[in-house]
Amino acid sequence: MQNKNIRNFSIIAHIDHGKSTIADRLIEYTGTLTKREMEAQVLDNMDLERERGITIKAQTVRLDYKGKDGQLYQLNLIDTPGHVDFTYEVSRSLAACEGALLVVDAAQGVEAQTLANVYMALENDLEIVPVINKIDLPSADPDRVKEEIENTIGLDTSNAVLASAKSGIGIEEILDSIVDYIPAPEGDENAPLQALIFDSFFDSYKGVIAHVRVKQGHIKKGMKLKMMATGKTFEVTDVGCFKPQPVDVGHLDVGEVGFVAGSLKDVRDVQVGDTITFADNPAAEPLPGYRGVTPMVYCGLYPVDSSDYDNLKDALEKMQINDAALVFEPETSVALGFGFRCGFLGLLHMDVIQERLEREYNLKLITTAPSVIYHVFKTDGTKVDVSNPSDLPPQTEIEHIEEPYVKATVIVPNDFVGAVMEISQDKRGEFKTMDYLDENRVMITYHIPLNEIIFDYFDRLKSATRGYASLDYELADYQESKLVKVDILLNGDPVDALSTIVHKDRAAGRGRQLASKLKEIIPQQMFEIPIQAAIGSKVIARENVRARRKDVLAKCYGGDISRKRKLLEKQKEGKKRMKAVGSVEVPQEAFMAILKID
Ligand code: GDP
Ligand code: MG
């Protein structure tokens with residue numbers, strides 16, 4: 001296809017503003033799939049995604065559209081993952097485009113991830129076409145939302161499309177706007193190949209399939225190609241486009257978007273952000289922006305039934321085939337036995353993997369509280385990275401510790417500014433900026449430890465703002481903090497999986513809260529169970545779980561359980577997860593108790 005008739009675009013939006021629904025409508029309108037062929041949400045094709053209403057794996061689709069001028073256009077829609085955990089993947093997907101539809105809910109207005117996505121789109125020099133969606137809602141106020149977009153983003157909204165994906169209003173206008181406003185790709189068909197990888201997945205017949213945007217040159221079946229960052233070479237066996245299932249068309253020309261496959265067996269050879277070039281006549285330089293994926297959050301995963309260890313290992317290996325961002329290594333816990341330390345991009349990524357392991361592989365797992373990676377500088381001059389609190393060296397060997405900080409952006413109605421500040425300060429956040437988006441809404445930024453974000457920051461923001469707060473964050477830097485390890489002893493024995501790293505000033509309070517929370521969670525048993533919290537050898541709190549009287553059917557579970565846990569519990573009804581730790585039966589909730597004590 002001639003470049004002037006190609007448009008490459010993404011849809012960016014805050015979660016739930018209607019990105020997937022609009023994508024579905026575009027697919028339907030252009031006849032790429034008939035209504036009957038369309039499942040409820042084609043692009044969100046994993047069950048889990050559908051249930052959670054999020055897009056985890058980006059998917060791409062080529063739409064053929066006859067424009068107002070009568071010419072045929074190739075519109076390549078690149079669907080981006082909609083969650084803050086997947087920021088880097090979003091940025092690479094955007095780098096594959098010339099433009100983006102900015103979808104904003106006509107009732108909700110601009111939210112934290114709207115802005116985060118817009119900034120990323122602007123960094124990639126994309127042309128942005130605003131779409132005000134859900135104009136069918138009684139509470140829709142498109143004029144206010146337009147004004148908000150103009151004020152906060154400085155984007156001209158005179159060409160904004162008013163749409164309702166639900167009622168099918170504005171779909172043709174969206175397609176025409178894509179043709180009219182988004183620039184055609186540029187590039188030289190005969191230059192050495194530069195193709196940007198923006199996603200990949202594993203197919204059991206074809207091996208790893210790379211999603212690519214051809215920036216320079218072209219790809220044909222049989223060519224010998226090379227990954228510039230990983231150095232992996234391969235011969236092209238399949239090359240084509242998504243409709244939305246992969247269709248082999250034998251070539252991808254300059255400016256086009258599609259897939260390439262060929263004897264690639266390991267997703268780690270096919271890294272998002274890497275550049276594919278010719279094996280023999282390589283491009284002088286890779287495309288900019290490549291970086292390896294680095295997990296930000298770690299937790300321990302242990303089988304409830306220790307005989308499931310090998311099954312868990314198999315399952316993790318299988319998951320990793322499709323997820324280069326998942327890392328794991330064997331780990332042993334005195335309390336929990338043999339398991340794995342797993343690294344994730346963020347909390348959502350962690351939840352999704354956990355849930356898939358349980359659902360798809362039928363495993364019952366004990367999960368330990370998530371941890372960030374601490375940089376520990378020792379008195380002997382060495383530095384170690386610690387992602388498991390129980391691995392923290394003794395206090396006497398530590399010179400100082402650095403922890404990761406993020407830049408957190410919160411958007412709330414101005415009535416809630418006080419609440420956001422209070423919570424953020426309590427979370428050791430340092431106030432940075434505050435800006436009014438309009439007369440009612442405020443954007444506040446904080447420099448705040450990632451560790452505190454993991455520990456229920458968003459949940460607290462949500463409940464203090466009646467659900468109005470939206471949050472986005474990105475890694476900022478590492479800074480020195482006064483951190484100590486709080487250990488928990490059950491029946492006199494330390495339980496390594498319950499150790500946590502906390503700020504020195506909060507340690508005593510946290511220790512007391514944790515001990516009393518555990519007292520609620522740990523069921524009564526035939527004997528009394530002392531619970532102690534300690535820093536080093538110093539006990540800072542003590543509680544007792546009293547022995548059960550024979551004739552009483554004790555009501556054991558008092559702990560408040562978050563919504564997603566509840567869902568999980570429901571599915572596994574009647575099968576409580578318990579782990580014998582020494583002589584004490586400890587339920588799963590205990591290992592997550594630290595997250596729920598504020
Ligand atoms: P995404 O998270 O941005 O992909 O949002 P979805 O496309 O999954 O939509 C989120 C919710 O909004 C779903 O329940 C949709 O049915 C609903 N929705 C999407 N578009 C419209 C619309 O135009 N009007 C109304 N009333 N609801 C919509
Ligand atoms: Mg979606």
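We count ligands from 1, going down the list as the structure has it; atoms in each ligand are counted the same way.
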Next on the checklist: Minimum distance, heavy atoms only, to atom 11 (C) of ligand 1: which one of Lys166, Lys134, Gln113 is it?
Outcome noted: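 Nearest option to atom 11 (C) of ligand 1, by heavy atoms: Lys134.
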Checklist entry - atom 16 (O) of ligand 1: which of Asp136, Val103, Asn133, Thr21 has the nearest heavy atom? => result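 Minimum heavy-atom distance to atom 16 (O) of ligand 1 goes to Thr21.
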Checklist entry - Between Leu94, Val129, Ile178, which is the residue that forms a side-chain contact (heavy atoms from CB on, under 4.5 Å) with Phe9? => result Ile178
With a cut-off of 4.0 Å, which atoms of ligand 1 are near a heavy atom of [X]?
| X | answer |
| --- | --- |
| Asp16 | 1 (P), 2 (O), 3 (O), 5 (O), 10 (C), 12 (O) |
| Leu137 | 26 (N) |
| Lys19 | 1 (P), 3 (O), 4 (O), 5 (O), 7 (O) |
| Ser20 | 1 (P), 4 (O), 7 (O) |

Checklist entry - Do Asp274 side-chain atoms and Ala229 backbone N/O form a donor-acceptor pair below 3.5 Å? => result yes
Checklist entry - Quick check: does any side chain N or O of Ser371 sit under 3.5 Å from a backbone N or O of Tyr298, one acting as donor and the other as acceptor? => result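 Checking the backbone N and O of Tyr298 against the side chain of Ser371, no donor-acceptor pair under 3.5 Å is found.
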Checklist entry - What's the spacing between Tyr468 OH and Gln108 CD if we round to 0.5 Å? => result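 Answer for the OH-CD pair, Tyr468 versus Gln108, is 8.0 Å.
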Checklist outcome for this item: dist Ile353:CD1 -> Asp323:CG (nearest 0.5 Å) comes out at 4.5 Å
Next on the checklist: Below 3.5 Å, N or O to N or O, backbone or side chain included: is there any such pair between Gly18 and ligand 1?
Outcome noted: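 Yes, at least one N or O pair falls under 3.5 Å.
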Checklist entry - So is Ala165 polar-close to ligand 1, meaning N/O to N/O under 3.5 Å? => result yes
Checklist entry - With a 3.5 Å cut-off and no angle check, do the side chains of Lys215 and Thr275 form a donor-acceptor pair? => result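 No, because no side-chain N or O of Lys215 sits under 3.5 Å from a partner of the opposite role on Thr275.
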